[in-house]
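The structure under discussion appears below in the form of structure tokens.
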Amino acid sequence: MNKPHINIDSFWLPRQSSTLAEKVDFGFNAALWTGVFFFILVTGATIYLVARYRRRTENDKTSPIAHNTTLEVAWSVIPLIILIWLFFVGLRTYVYASVAPAESYEIKVTGEMYLWTFIYPDGTAVVNEMAVPKGRPVKLIMSSKDVVHSLFIPEFRVKQDAVPGLYTTVWFTATETGDTALLCTEFCGSGHSDMLATVKVLEESDFEKWIEQQSGPSDLPPEELGKLLFAKKSCATCHSVDGTPMQGPTFKGLFGRNEEMSDGTKVTVDENYIRESILNPQAKVVKGFPAVMPTYRGLLKDREIDALIAYLKTVK
């Protein structure tokens with residue numbers, strides 16, 4: 001599986017690829033450099049005054065110290081003005097990030113151990129890959145099937161929790177075409193680090209073509225379509241085809257193999273077992289592996305399930 005990557009165009013932060021990113025970075029830099037300025041000012045003044053007025057002999061006496069109204073007003077009012085300015089910088093960005101434009105394109109996002117599912121308005125469902133049109137507001141309506149996950153797209157500067165039994169939202173307008181990474185930033189289990197997705201920012205015309213292509217070309221032979229779906233639906237996140245142990249059993253030599261289940265029964269892998277495992281993965285769990293396989297019910301059409309079965313028959 002090709003891991004999505006984050007574009008770094010400086011040593012500091014990922015590139016700004018949404019209309020929100022510039023506002024977030026401005027607030028971050030304003031708070032950071034204000035803090036750095038006063039740290040240097042206060043620390044430098046402290047070191048200077050300690051060196052300048054340190055006690056040099058036993059006869060040195062501390063001078064009487066009276067208050068200085070002008071100085072006290074200055075060091076109270078100036079920081080207050082700066083804090084009020086920082087508050088409004090943050091408030092302006094928060095309000096902007098909280099209210100999605102009415103014409104936003106809505107995508108439903110579901111997090112579960114350990115993949116992301118994206119469902120488009122026409123019913124198209126895609127796993128671990130989300131395409132969005134450049135220059136068009138996109139609103140994500142998120143939830144979780146199991147535990148709390150947290151969706152984070154660094155280049156867009158958006159982050160929001162996906163919570164079981166609750167809908168949360170986040171929105172953005174992408175400004176640069178290309179691929180970037182979508183991460184889970186809430187530790188959600190042993191496969192947390194593999195819970196990655198690719199965000200593809202496309203021109204509007206390319207985005208429409210991408211939507212049409214998600215079911216796969218209709219003229220492909222079943223085995224080739226199944227291989228394509230194996231990659232697109234992120235089966236490789238948990239299953240290898242070369243015998244390498246992963247979250248789930250390897251698919252190498254799967255068809256016709258005798259598998260021992262966690263309840264001690266044995267099953268010969270055939271078409272019915274594969275179909276049941278795709279739609280109801282908790283019905284029969286292979287011994288030695290956790291019961292974390294999510295269901296693909298509603299995410300795959302019958303033709304796609306048949307194609308996956310045809311492909312798995314070819315994996316020797």
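Phe118 is listed as a side-chain neighbour of Leu182, based on a closest heavy-atom distance under 4.5 Å. Between Pro294 and Leu115, the closest side-chain pair of non-hydrogen atoms falls below 4.5 Å. Taking 4.5 Å as the limit, every side-chain heavy atom of Gln16 sits out of range of all side-chain heavy atoms of Glu176. Between Thr169 and Leu140, the closest side-chain pair of non-hydrogen atoms is not below 4.5 Å. Here the side chains of Lys284 and Ser277 are not in contact, with every heavy-atom distance at 4.5 Å or above. The shortest side-chain heavy-atom distance between Phe156 and Val201 falls under the 4.5 Å cut-off. At least one side-chain heavy atom of Val286 sits under 4.5 Å from a side-chain heavy atom of Pro249. Counting heavy atoms from C-beta on, the side chains of Pro281 and Tyr296 never come closer than 4.5 Å.
Using modelled atom types and a 3.5 Å distance limit, the side chains of Asn258 and Thr268 yield a donor-acceptor pair. For Asp242 and Thr244, the side-chain atoms include at least one donor-acceptor pair closer than 3.5 Å. Side-chain contact check for Glu129 and Trp210: at least one donor-acceptor pair (N or O, by modelled atom type) lies under 3.5 Å. Donor-acceptor pairing under 3.5 Å is lacking for the side chains of Thr175 and Ser17. Between the side chains of Thr185 and Ser150, at least one donor N or O lies within less than 3.5 Å of an accepting N or O.
Interatomic distance, NZ of Lys134 versus CG of Asp206, reported as 11.0 Å (0.5 Å rounding). Note that OG1 of Thr124 is 11.5 Å distant from CD of Gln213, once rounded to the nearest 0.5 Å. Between atom OG1 of residue Thr117 and atom CD1 of residue Ile107 there is a gap of 13.0 Å, rounded to the nearest 0.5 Å. Interatomic distance, Met195 CE to Tyr114 OH, rounded to the nearest 0.5 Å: 9.0 Å. To the nearest 0.5 Å, the span separating OG1 on Thr110 from CG on Leu151 amounts to 11.5 Å. Rounded to the nearest 0.5 angstrom, Asp122 CG and Glu212 CD are separated by 9.5 Å.
Within 6.0 Å of the NZ atom in Lys108, the count of heavy atoms belonging to other residues, nucleotides or ligands does not exceed 12. Counting heavy-atom neighbours within 6.0 Å of Glu22 CD, excluding the residue itself, gives a total of 12 or less.
For Arg275 and Asp302, the salt-bridge test passes: some basic side-chain N is under 4.0 Å from an acidic carboxylate O. Classification of Glu259 and Lys266 as a salt-bridged pair fails, no side-chain N sitting under 4.0 Å from a carboxylate O. A salt bridge is absent between Arg55 and Asp60: the closest approach of a Lys/Arg side-chain nitrogen to an acidic carboxylate oxygen does not fall below 4.0 angstrom.
Using a distance-only test at 3.5 Å, with no hydrogens or angles considered, a donor-acceptor pair links the side chain of Thr57 to the main chain of Asn59. With hydrogens and angles ignored, the 3.5 Å screen pairs a side-chain donor or acceptor of Thr250 with a backbone N or O of Ser240.
Both tests hold for Lys313 against Phe255: distance to the six-membered ring centre under 6.0 Å, angle to the ring axis within 45°.
Both Ile78 and Leu41 belong to a common hydrophobic cluster when Ile, Leu, Val, Met, Phe, Trp and Tyr are linked at side-chain heavy-atom distances under 4.5 angstrom. Follow the hydrophobic side-chain contacts under 4.5 Å out from Val95 and you never reach Leu86; the two are in separate clusters.
The aromatic rings of Trp116 and His149 sit perpendicular to each other, their planes meeting at more than 60°, with 30° as the lower class boundary. Taking the six-membered ring for Trp and thresholds of 30 and 60 degrees, Tyr96 and Trp171 have ring planes inclined between 30 and 60 degrees apart. Using cut-offs of 30° and 60° on the angle between ring planes, the pair Phe207 and Tyr105 is perpendicular.
In summary, the aromatic rings of Phe87 and Tyr94 are positioned with their centroids too far apart to meet the 6.0 Å limit.
With Ile274 as the partner, the side-chain contact (heavy atoms from CB on, under 4.5 Å) test is satisfied by one option alone out of Leu308, Ile309, Ile305: Ile309.
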